[in-house]
Every structure is written in structure tokens, then in C-alpha cells.
Amino acid sequence: MEGGEGMVRLPIPAYLIEHPKGTALFDTGMHPDCQHDPAGRVGARTAALFEFDFHPGEEVGARLEAIDRDPAKIDLVINSHFHFDHVGGNALIPNATMLVQRREWDAGMDPDSAAKRGFDPRDYDLGHKLRLLDGEHDVFGDGSVMCLPTYGHTPGHQSLKLRMPGGDIVLAADSCYFCRTLRERRLPRFAFDHEAMLASLDRLEALEAGGARIFFGHDPEFWQTVPQAPHAIV
């Protein structure tokens with residue numbers, strides 16, 4: 001983030017949502033190739049920015065199997081955006097319909113734009129059925145799972161709002177890396193549109209003021225406050 005120094009250990013979450021009308025994943029983490037050859041998967045430049053602590057059994061398909069869920073029977077994959085740590089596991093969810101904002105898809109399908117944004121079509125252009133979204137979208141038609149446009153980090157970034165028994169939760173993904181991103185408006189060094197990202201943070205702040213709990217995308221301190229069961233209803 002702006003003004004940040006040193007290294008931080010980043011959690012990379014993916015979320016399973018089970019609904020009477022179907023199952024969905026919000027983001028899918030990294031591709032298994034990152035376990036043994038990250039530079040070969042994400043490129044030397046990106047690999048040089050990170051140290052990869054990612055091991056067999058931690059990919060999204062194995063995580064699902066560990067809780068007796070079949071990756072081949074997941075109905076929907078909802079991608080926040082097309083960076084490698086959010087979409088790399090799509091290949092492990094072969095039969096799902098992919099939900100993504102149209103402007104993200106368009107950016108990802110233009111070779112020049114994709115290269116500039118750090119998108120790799122090997123992660124997302126895999127032949128999944130596709131549902132392109134234009135703004136807010138009610139995933140199951142009952143208001144319980146809502147895609148929210150939170151543009152700025154990438155052209156078509158989206159977050160996900162869940163209506164839970166204990167109140168609303170907003171899975172912010174990379175619209176808000178850390179709690180400090182929201183509290184101090186300290187943005188990532190690289191973003192597609194800083195003004196749009198600030199507007200998205202304003203939206204998250206308003207949702208929080210209305211009682212929603214924000215799940216920050218990569219905040220290790222935040223994740224220490226989340227129940228560490230293999231799966232949980234929060």
C-alpha cells in the first residue's frame with residue numbers, strides 16, 4: 001500500500017457459498033503450478049514481487065474435497081477480478097458457470113489490456129459457461145448473495161455481499177486489501193483507477209456504517225479474528 005515498507009504475509013481466501021438454489025465459489029485462489037514453478041505460471045516479474053508459500057493440498061479443489069465437496073459439482077464461480085491469486089483455481093472447477101463483470105471480461109479479452117493489467121487468459125478463458133454482469137447482480141434471486149461493483153483496482157472488480165443469520169457480510173476482495181486501506185485510504189501502489197477505487201471504499205464504508213461486516217481481501221490481522229474451522233457459518 002502507499003507508504004508501506006517491508007514484507008507482509010498475505011492470506012489468499014476463497015469462499016464457498018451454499019444456497020438452496022446452488023453452490024458458488026467467490027474467487028478460487030492460485031493455480032497449482034504456483035506451488036512448484038511460480039515464475040513459469042505468473043511470469044518472472046510478478047514472481048519476483050512475492051515469495052510463494054503454497055503447497056499441494058492447499059489449492060481450491062483439494063480444499064473443497066477436504067470438506068466433502070466435489071469441485072466438479074460447484075454450480076457457479078464468481079470472480080472478483082482476473083489477477084492470478086483470485087482466478088487461478090478456476091481450472092479446478094470445470095463445470096461451473098463463471099460470473100464476472102462485463103468490463104472485467106472485456107479488459108481480459110483484449111491482449112494489450114490484459115498484459116497491462118497483469119491478466120493471464122490461461123486463468124479465465126477456459127471455456128466455462130459465462131454470465132457477464134453489468135453492475136449489481138442478485139445471484140440467486142432472493143437478495144441473499146449480491147454482486148456489488150467495486151471498480152478501481154481493476155476495470156471491473158466486484159465484491160460480494162452476503163445476507164447471513166448474524167448480519168450482512170461484504171467480501172471485499174481487492175477493493176480493500178487491508179483494514180488500513182479503508183480507515184486511512186491508503187491504496188495499493190498499482191491500481192487501474194484510483195478515483196474509482198476511492199469511490200468503492202466510500203461504498204464499503206457506507207455498508208459498514210449500516211451494519212455490514214467487511215472481510216478485507218488480504219489482511220493477516222483481520223483473518224486472525226475469523227473462526228479457523230475448515231468451514232463455518234459466520
Side-chain angles (χ1 to χ4, degrees), residues 1-17 25-30 46 49-54 58 60 63 78-89 101 104 117-118 136 145-234:
M1 62 182 175
E2 295 170 340
E5 295 181 357
M7 301 289 286
V8 61
R9 184 181 178 87
L10 299 177
I12 297 179
Y15 305 87
L16 172 66
I17 296 105
L25 282 175
F26 182 61
D27 286 340
T28 60
M30 294 188 289
T46 298
L49 297 173
F50 304 98
E51 297 176 6
F52 287 73
D53 184 11
F54 182 41
E58 295 177 345
V60 70
R63 297 288 286 171
I78 305 168
N79 288 125
S80 62
H81 66 298
F82 282 164
H83 283 154
F84 73 94
D85 54 328
H86 294 261
V87 74
Q101 292 288 321
E104 189 80 357
R117 310 295 165 218
E136 289 194 13
V145 181
M146 297 290 299
C147 294
L148 303 179
T150 44
Y151 308 143
H153 178 68
T154 61
H157 189 285
Q158 62 182 348
S159 302
L160 199 69
K161 182 166 71 75
L162 308 176
R163 187 177 65 211
M164 305 290 284
D168 287 351
I169 286 173
V170 179
L171 309 178
D174 282 4
S175 67
C176 194
Y177 280 9
F178 308 114
C179 180
R180 292 176 69 184
T181 308
L182 186 62
R183 305 288 177 253
E184 303 172 19
R185 296 300 196 269
R186 296 174 68 180
L187 300 184
R189 290 174 58 199
F190 304 104
F192 168 70
D193 185 330
H194 283 83
E195 291 303 314
M197 196 165 188
L198 288 169
S200 293
L201 290 172
D202 289 343
R203 183 177 196 185
L204 292 176
E205 186 174 62
L207 288 166
E208 186 180 54
R213 186 182 186 192
I214 308 299
F215 273 45
F216 304 101
H218 294 294
D219 191 326
E221 295 180 2
F222 165 76
W223 278 98
Q224 292 177 5
T225 73
V226 177
Q228 294 302 303
H231 61 290
I233 297 176
V234 180

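Numbering starts at 1 and runs along the sequence shown. Note that these values count all heavy atoms, side chains included, but never hydrogens, waters or copies made by symmetry.
Taking both residues in full, the closest heavy atoms of Gly29 and Ile12 are given as CA-CG2, 4.0 Å, listed atom of the first, atom of the second, then distance. Across all non-hydrogen atoms, the minimal contact from Ala191 to Met197 is CB-SD, 4.0 Å. For the residue pair Cys176 and Thr181, the shortest heavy atom distance occurs at SG-CB, 3.9 Å. The minimum heavy-atom distance between Ile214 and Ala172, with the atom names listed, is CG2-CB, 4.0 Å. Nearest heavy-atom pair across His83 and Arg117 is NE2-O, 2.9 Å. Nearest heavy-atom pair across Thr28 and Gly88 is OG1-N, 3.8 Å.
Atom CG in Asp174 sits 8.0 Å away from atom CG in Asp27 (nearest 0.5 Å). Taken to the nearest 0.5 Å, the CG atom of Leu204 stands 4.5 Å off from the OG atom of Ser175. Note that CG of Leu201 is 11.0 Å distant from CD of Glu208, once rounded to the nearest 0.5 Å. Put simply, CD on Gln101 and CG on Asn79 are 11.5 Å apart, with the number rounded to the nearest 0.5 Å. Annotation: the span from Ser159 atom OG to His81 atom NE2 amounts to 10.0 Å, rounded to 0.5 Å. The distance from the SG atom of Cys179 to the CZ atom of Phe222 is 9.0 Å, given to the nearest 0.5 Å.
Between Met1 and Pro188 there is no side-chain heavy-atom pair separated by less than 4.5 Å. Side chains of Asp168 and Leu207 form no contact here, defined as non-hydrogen atoms less than 4.5 Å apart. With a 4.5 Å cut-off on side-chain heavy atoms, Arg213 and Thr225 count as touching.
Evaluated for a ring-ring contact (aromatic ring centres under 6.0 Å, His included) with His153, the options Phe192, Phe82, Tyr177, Phe190 yield exactly one hit, Tyr177.
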### Task
Step by step, work out the side chain to side chain contact (heavy atoms under 4.5 Å, CB included) result for Tyr151 and Asp193.
CA-CA 8 Å; Tyr151 308 143; Asp193 185 330; over 6 Å; no
#### Entry: Candidate pair Leu10 and Phe178, rule side chain to side chain contact (heavy atoms under 4.5 Å, CB included), full reasoning
CA-CA 10 Å; Leu10 299 177; Phe178 308 114; 3.8 Å; yes
### Task
Could you go through the side chain to side chain contact (heavy atoms under 4.5 Å, CB included) check for Ile78 and Gln158 one step at a time?
CA-CA 9 Å; Ile78 305 168; Gln158 62 182 348; 3.7 Å; yes
### Query
Would His218 and His86 count as a ring-ring contact (aromatic ring centres under 6.0 Å, His included) if you check the C-alpha gap in whole Å, the side-chain angles of each, and the deciding distance to 0.1 Å?
CA-CA 11 Å; His218 294 294; His86 294 261; 5.2 Å; yes
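Applying the side-chain hydrogen bond (donor to acceptor under 3.5 Å, both in side chains) criterion to Arg186, with sequence neighbours excluded, gives Glu184.
Annotation: Glu2, atom CD; neighbour count of heavy atoms from other residues, nucleotides and ligands within 6.0 Å is above 12.
Taking a cutoff of 4.0 Å between a charged side-chain nitrogen and a carboxylate oxygen, Glu205 and Arg185 qualify as a salt bridge. Using a cutoff of 4.0 Å between basic side-chain nitrogens and carboxylate oxygens, Glu136 and Lys161 are not scored as salt-bridged.
Between Phe84 and Phe50, the angle of the ring planes goes over 60°, which puts this pair in the perpendicular group of the 30/60° scheme. Between Tyr15 and Trp223, the ring planes are tilted. Angles from 30° to 60° get that label.
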